[in-house]
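Note that the structure is a prediction, hence the values are computed from the model and not measured. Throughout, a chain's letter reflects where its sequence line sits, starting with A, and its residues are numbered from 1.
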Amino acid sequence: RRRKMPEDTDKDKLFQLVLELSNPDTREAALLELSKKREAFPDLAPILWHSFGTIATLLQEIVCIYPLLSPPTLTAHASNRVCNALALLQCVASHPETRTLFLKAHIPLFLYPFLNTISKTRPFEYLRLTSLGVIGALVKMDDSDVINFLLTTEIIPLCLRIMETGSELSKTVATFIVQKILLDEMGLGYICATAERFFAVSNVLSNMVLALTKEPSVRLLKHIIRCYLRLSDNARARDALRHCLPEQLRNPSFTVCLKDDNTTRRWLQQLLHNVQEELIGQGGVQMTPGPSA
Amino acid sequence: PGQPFAASGREDISQYVTINPSIAIFAAQPMLKQYAVVAISQAIHDIITPVVERSVTIACITTRELLLKDFAMETDEAKVRRAAHLMVQHLAGSLALVTCKSGVSMCNQLRTYLQRQQAGDQQAIEQAVQVTAADNLEFGCWLIEKSAIERAMRDIDTALDNAINLRRKQGPAAFESPIFGARPQPAFMKQLPESLMPKASGLGPSQLRVYDDFARDPRQAPTGPAGNAPATATPMGSEGKGAVEAKPAIDPAAGAAAVSVAQSLQQ
């Protein structure tokens, strides 16, 4: 037998914590501990997935919060506990070995009721933020199966509402998710398929731009501009943007805000270029469908 | 079996709809009550089909996938079915309930009807609508939850039948082999310690407990901090260590997990 190495001790500790998740008496402390240390264990996701009953346990943690959503009675304590469980699911969502399994078992759908809440209290705000974080981890991987899953399960209306009413960080993550969906061919096609969908998205983006003139956030603005730039890749959306791109993006409202962000400034220039170019070429504004539509 | 309601039986629903006769509009025009019953029954009926459909579909997929994974080595069919039933009921019922509680509008049809009948002024109509909807919300949600649970029980059996039948067809010799053994085992499984693995020798009570816990009433919220205090020791720990030194379970920096999850996306 070889000598026990330090990494074996770490692994033993990890296995012990995972085992403690299955016992209701030790679960809460183990959730907290694992959630804090999740970055330190690269194998955590496959261990969570393949060990007996762990995912079922995490699912129980999620579902048992449902009765507290409406009427809204979620406490800080209950919110914190379920957020720790969600943090572990985020590991599973971002790990290449478990992402597909996680999706195939439709587990993200159990988070949608959380995204659907509207209470402005902190426990709910954190709950939505963490749930968005799990979806964000899924889309970060640029997997078209993920995009397809999210489109068919109608995540976009949920994201749009959070983009309108959430905290700055929630708005940023929700916009990031929409951006990632748009960057996918299928996602762009889906959002630009009907005027209703396009305007639902562009109205929310435009409202956010307006709000940012009062309370600037560089990271949020960056995602918004990237969304607009990507929309401008679609001919019909580009036509529509000539009318509905907010004035604040055309004038120097955000010059100071973007002073140190070269990438976003370039995106903005490209966006304005895309939107203006054909306007000059056509000599007028028209709502004609583009050739590729 | 023997349930008084079928999800499709509109007439059956209507006899359980409550209309408070002291609501001003109904007191003045009692004949409107029966139309209110129809409107509420219709609203519940319209909600049931899509909510049950969606909740049951999701619950069955999730249950099937997790069951096939966790019971991959289990040879006792009864254990598999039991765990599947407990889980799918809980998931389908909870999803149906949370969906109809958040999005159900039982008011619209009744409001439209009363407005068309010019049953009273705006305020009186709104009062009648709100009170009636509130009086019947519990019943509507109960019925939807119940329908989802019943449907889920049937559907999960169908979903598992293939896997179980396949196993039976392989004959008596195969009886020694796991029910879902056809699934390739990920190489990763070899790393797991015995205590965390689906066992070929059959799952024990401490493992099955996770699935037994799905039998708890889904309406029952988790207990508060006091009830959830970490135990002093865990009987399962091989090294006999306490439950993480009885650390306070509430993170002093509330929302730490939320913020760290969101920020990890920025990297």
Side-chain angles (χ1 to χ4, degrees), chain A residues 15-16 18-20 22-26 28-30 32-33 35 46-47 50-53 55-57 59-60 63-70 75-78 80-81 83-84 86-87 90 97 101 104-107 109-110 113 116 122 126 129-130 132-134 136-137 140 169 173 176 219, chain B residues 58 61-62 65-66 69-70 87 90-91 94-95 97-99 101-103 186 188-189 191-193 195-198 203 206-207 209-211 213-214 218-222 224-225 228 230-231 234 236-239 241 243-244 246-247 249-251 254-255 257-262 264-266:
Chain A
F15 288 141
Q16 178 62 28
V18 173
L19 194 60
E20 284 168 6
S22 64
N23 180 346
D25 296 331
T26 52
E28 181 161 9
L32 177 60
E33 197 68 11
S35 150
I47 291 170
H50 293 297
S51 57
F52 178 88
I55 298 295
T57 300
L59 209 49
Q60 260 171 27
V63 171
C64 77
I65 295 299
Y66 287 177
L68 309 180
L69 303 182
S70 174
T75 61
H77 174 88
N80 207 43
R81 175 169 168 155
C83 284
N84 285 325
L86 291 170
Q90 191 198 30
E97 198 185 317
L101 299 165
K104 192 161 178 248
H106 282 31
I107 295 172
L109 295 178
F110 288 88
N116 205 23
R122 289 179 77 131
Y126 286 138
L129 180 57
T130 320
L132 285 171
V134 179
K140 203 181 172 186
L169 193 50
V173 181
F176 170 76
R219 59 183 176 182
Chain B
I58 298 168
I61 290 172
T62 304
E65 291 300 311
L66 295 188
K69 169 181 91 65
D70 280 346
M87 182 172 187
H90 186 83
L91 296 184
S94 303
L95 275 177
L97 199 59
V98 75
T99 311
K101 265 192 170 176
S102 69
F188 181 82
M189 296 289 283
Q191 283 188 49
L192 285 180
S195 54
L196 291 172
M197 264 216 283
L203 296 160
S206 72
Q207 290 189 302
R209 175 178 180 174
V210 170
Y211 282 86
D213 282 349
F214 278 114
R219 288 162 197 266
Q220 208 179 339
N228 265 339
T234 160
M236 285 189 275
S238 52
E239 289 156 60
K241 82 174 64 127
V244 200
K247 215 179 199 33
I250 306 174
D251 195 324
V259 174
S260 78
V261 159
S264 72
L265 297 173
Q266 312 268 321

At a heavy-atom separation under 4.5 Å, does A:Val173 approach chain B through its side chain, its backbone, both, or neither?
-> side chain

Inter-residue atom distance A:Ile65.CD1 - B:Ser94.OG, 0.5 Å rounding = 11.5 Å

Would you check if A:Phe110 and B:Leu91 make a side-chain contact, meaning some heavy-atom pair closer than 4.5 Å?
-> yes

Heavy-atom distance under 4.5 Å to chain B: side chain of A:Leu86, backbone, both or neither?
-> neither

Given B:Leu196, B:Asp213, B:Val210, the one that forms side chain to side chain contact (heavy atoms under 4.5 Å, CB included) with A:Ser22 = B:Val210

Which heavy atom of A:Ala105 sits nearest a heavy atom of B:Thr62, and at what distance?
-> O-OG1, 2.7 Å

Out of curiosity, A:Thr57 OG1 to B:Tyr211 OH, how far, rounded to the nearest 0.5 Å?
-> 8.0 Å

Value rounded to 0.5 Å, distance of CD in B:Gln207 from OG in A:Ser51 = 10.0 Å

Measure the spacing between CD of B:Glu65 and NE2 of A:His106 and express it to the nearest 0.5 Å.
-> 9.0 Å

Residue, of A:Gly133, A:Ala56, A:Gly136, that accumulates the most heavy atom pairs under 4.5 Å with chain B | A:Ala56

Hey, could you give me the CG/CG distance between B:Leu66 and A:Leu101, rounded to the nearest 0.5 Å?
-> 10.0 Å

